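Report on the following structure.
Scope of the values below: all heavy atoms of this structure, side chains included, with no hydrogens, waters or symmetry mates. Nothing here was measured: the structure is a model prediction, and the numbers come from that model.
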Amino acid sequence: MLEKNGVPSKEQVISCFPESSILVKPKAIIECYQEIPCNPCETSCPFDAIKIGVDINTRPIVDTSLCTGCGICVTKCPGLAIIVASILNDKAIFKIPYEFLPSPKKDENWNALNREGNIISKGKILSVLDSRKQEKTKLITVEVSKEYLYDFITIGCPDER
Amino acid sequence: MKKTPMLIIGGGPAGLSCAIQAASLGQSVTIVERSHSLGGQLVKQTHKFFGSEKQYASVRGFKIAELLIQEYEKYKDLIEVVLDATVTGLYPDKVCTIVQNGRYYKIKSEVIVVATGASEKFIAFENNDLPGIYGAGAVQTLMNQYGVLPGNKIVMVGSGNIGLIVSYQLMQAGVKVVSVLEAAPLIGGYLVHASKLRRLGVPIHTSKSILKANGSACVESIVIADLDDSWNPIPGTEETVEVDAVCVSVGLSPMHQLLSMVGARILFIPELGGWVPKVSECHETSVDNIFACGDLSGVEEASSAMVEGRLTGLFAARRLLGTIDNDESIHQDLISQLEGLRSGPFGKKTREGLLQMKEEGQC
Amino acid sequence: MRIEKHPILEFSNHQEIAFFYNGKEVLGREGDTIASALHALGIKELSKSIHYKRSRGFYCAIGNCGSCNMTVNDVPNVRTCMTKIEQGMRVFSQPGKGELI
């Protein structure tokens, strides 16, 4: 239970995703389950695709028709609660925030982790972005099998586990 | 005796913001700060802040300290900063006694803003005084300011935002966080912070706490146990965990001592962190011309402390300067920022605490 | 134990500073407090408690709690979590309340 151990239920996770048909293009998935006084996702979005409004405690809503999946909000979110997801054939492709060392490198295979921290498969690193604007939150693009669309959340260094 | 029109005790997020606001209105001020640098506890915050743009949302805490210091430098000719100076006494004639590098002296001021912040609370358990048992803030200081690891294997006691954030920061520094314990039945901090830890494999246990620490000169292991509905340990659930450090993150107590000394009215409001000075809507204590702001007048996030500091800077400058250009618009902006930060479910405690303060007599 | 690499912070390689801990010469880095330098050397016990002589380390690291007090250059009850190390500084564990000179 999320409030007891930090792990959201499958229903909670799925409620943050749009229809899979929309994920033919990359879209931001925001797992912000509480009303927290915070709005950088809204203000950082160059496409006005994230709506919070005047009361910064309101939970963000993604307008998938405007979201381009650019990933700017992913590195801006102080709660690291945003990922970008898309489906390509039998693969799910994610952009995730990462703030640890060592840093993954393109083409490496890292452990793909679920929301409980368990290894679910391998994930292939497609790119690593680390621009100044990201303020040391790296944006990692990872590819896993499509079946892990609702399970995958982050990566772990393959040497550590 | 040195004299100044406006003295601010504490150069953390509240005190520094207060000075900047007052100076931006043309008021000259003196900040007395106990440590070597300005910024208070912001300097060890490596996470990106919540809030909105005006409170530097999405900027890491230590960067916010740099931004505030840059802003202060714009008003350098109006803001005097006295570092490494501990205020040891505050008297009704608005004289402060100060110890700086072994020298003892006094400063008298017309208006004083006390922004001393809060100190880390502690909990009772056997051998809780062993070295290696640290406040979560102490661990942040050690790691993020001085680059020294607190240990290799740590248990975090407390799942408020500080406990969760510091656990994550410990992992970033390469420390193994064995688990996070929370005595309450639910996680205390933002769930996004909890999820961030859990996905990295750190278990968070609610209704569980520490009973005892073992070790001779330093903690070597701890005994933890499940708690029942009345927060009593359940016999038979004890478990020994090997650690070389324990982090205690069980809340903060406002540092009201100087205000108690000067005879300001102090109220007990648990929602605000415990003993807090009674302040008016203008953040003035029950002693004329002595103001209080930041965690001292109610423990909250640093974002609120910065806004409250600016607000108090406005009130204090108003007292000294009389009329202020754009007073109303500055006031409105700051008030609405605070309302934004406090209006959600996480601001409930603060809202209730402030209401109690309002109802608790006149000052 | 120093942090050598960090994903967010940069710890520039500070110059070493020699000081004395209980009469023995030890090394810290420029910018260290006495408490951080000793901790980096693995020294967590700083003094003994006044009555029961129990081990004392720091608790708050920002000058609030007084648990890190030691005798520094003959001055007792110095908050070592706030005091920067200096070349040749003499730091001693404090067995009790400390004596005023």
Legend entry - K48(B) portion near chain C, given a 4.5 angstrom heavy-atom threshold: neither

Legend entry - Verdict with reasoning, Q145(B) to L9(C), per side chain to side chain contact (heavy atoms under 4.5 Å, CB included): CA-CA 9 Å; Q145(B) 240 183 306; L9(C) 297 166; over 6 Å; no

Legend entry - More than 12 heavy atoms of other groups within 6.0 Å of K176(B) NZ: no

Legend entry - M255(B) versus chain C, the contacting section by heavy-atom distance below 4.5 Å: side chain

Inset, instruction - Please state whether the side chain, the backbone, both or neither of V175(B) comes within less than 4.5 Å of a heavy atom of chain C. - result: neither

Inset, instruction - Evaluate whether atom CD1 of I210(B) has more than 12 neighbouring non-hydrogen atoms of other residues, nucleotides or ligands under 6.0 angstrom away. - result: yes

Inset, instruction - Return yes if some donor-acceptor pair links the side-chain N/O of H36(B) with the main-chain N/O of T83(C) below 3.5 Å, else return no. - result: no

Inset, instruction - State whether the number of non-hydrogen atoms from other residues, nucleotides or ligands found under 6.0 Å of Q15(C) atom CD is greater than 12. - result: no

Inset, instruction - Determine the option with the most heavy-atom pairs under 4.5 angstrom with chain C, choosing from P150(B), G137(B), G215(B). - result: P150(B)

Inset, instruction - Check whether any side-chain heavy atom of Y59(C) sits under 4.5 Å from a side-chain heavy atom of D129(B), and report yes or no. - result: no

Legend entry - Euclidean distance, E120(B) CD relative to N64(C) CG, rounded to 0.5 Å: 8.5 Å

Inset, instruction - Heavy-atom distances under 4.5 Å only: say whether F11(C) touches chain B with side chain, backbone, both or neither. - result: side chain

Inset, instruction - Under 4.5 Å heavy-atom distance to chain B, tell me which part of T33(C) shows up: side chain, backbone, both or neither. - result: both

Inset, instruction - Check whether more than 12 heavy atoms from other residues, nucleotides or ligands sit under 6.0 Å from atom CD of E220(B), and answer yes or no. - result: yes

Inset, instruction - Please test H6(C) against N144(B) for side chain to side chain contact (heavy atoms under 4.5 Å, CB included), starting from the C-alpha separation and ending with a verdict. - result: CA-CA 9 Å; H6(C) 195 281; N144(B) 299 341; 4.2 Å; yes

Legend entry - Between K5(C), R2(C), R56(C), the one whose heavy-atom pairs under 4.5 Å with chain B are most numerous: R56(C)

Legend entry - Heavy-atom closest pair, residues S55(C) and A217(B): OG-CA, 3.6 Å

Legend entry - Side chain / backbone / both / neither for Q140(B) at chain C, heavy atoms under 4.5 Å: neither

Inset, instruction - Specify whether Y134(B) and F58(C) have parallel, tilted or perpendicular ring planes, treating 30° as the upper limit for parallel and 60° as the lower limit for perpendicular. - result: parallel

Legend entry - Structural part of I62(C) lying under 4.5 Å from a heavy atom of chain B: both

Inset, instruction - Calculate, to the nearest 0.5 Å, the distance between atoms CG and NZ belonging to D244(B) and K44(C) respectively. - result: 4.5 Å

Legend entry - Contact class of N127(B) relative to chain C, heavy atoms under 4.5 angstrom: both

Legend entry - Spacing of N152(B) atom CG and M1(C) atom CE [to the nearest 0.5 Å]: 5.0 Å

Inset, instruction - First locate atom SG of C218(B), then atom CD of E45(C), and finally report the distance between them rounded to the nearest 0.5 Å. - result: 9.5 Å

Inset, instruction - Counting only heavy atoms closer than 4.5 Å, note whether F62(B) contacts chain C via side chain, backbone, both or neither. - result: side chain

Legend entry - Partner chain C: residue of Q169(B), K44(B), R60(B) with the largest heavy-atom pair count (under 4.5 Å): R60(B)

Inset, instruction - Pick one of side chain, backbone, both or neither for T86(B), based on which atoms fall under 4.5 Å of a heavy atom in chain C. - result: side chain

Legend entry - Shortest non-hydrogen contact between I3(C) and A173(B), atoms and distance: CD1-CB, 3.8 Å

Inset, instruction - Starting at CD1 of I8(C), measure out to OG1 of T46(B) and round the result to the nearest 0.5 Å. - result: 6.5 Å

Legend entry - Atom group of R54(C) that falls short of 4.5 Å from chain B, counting heavy atoms: side chain

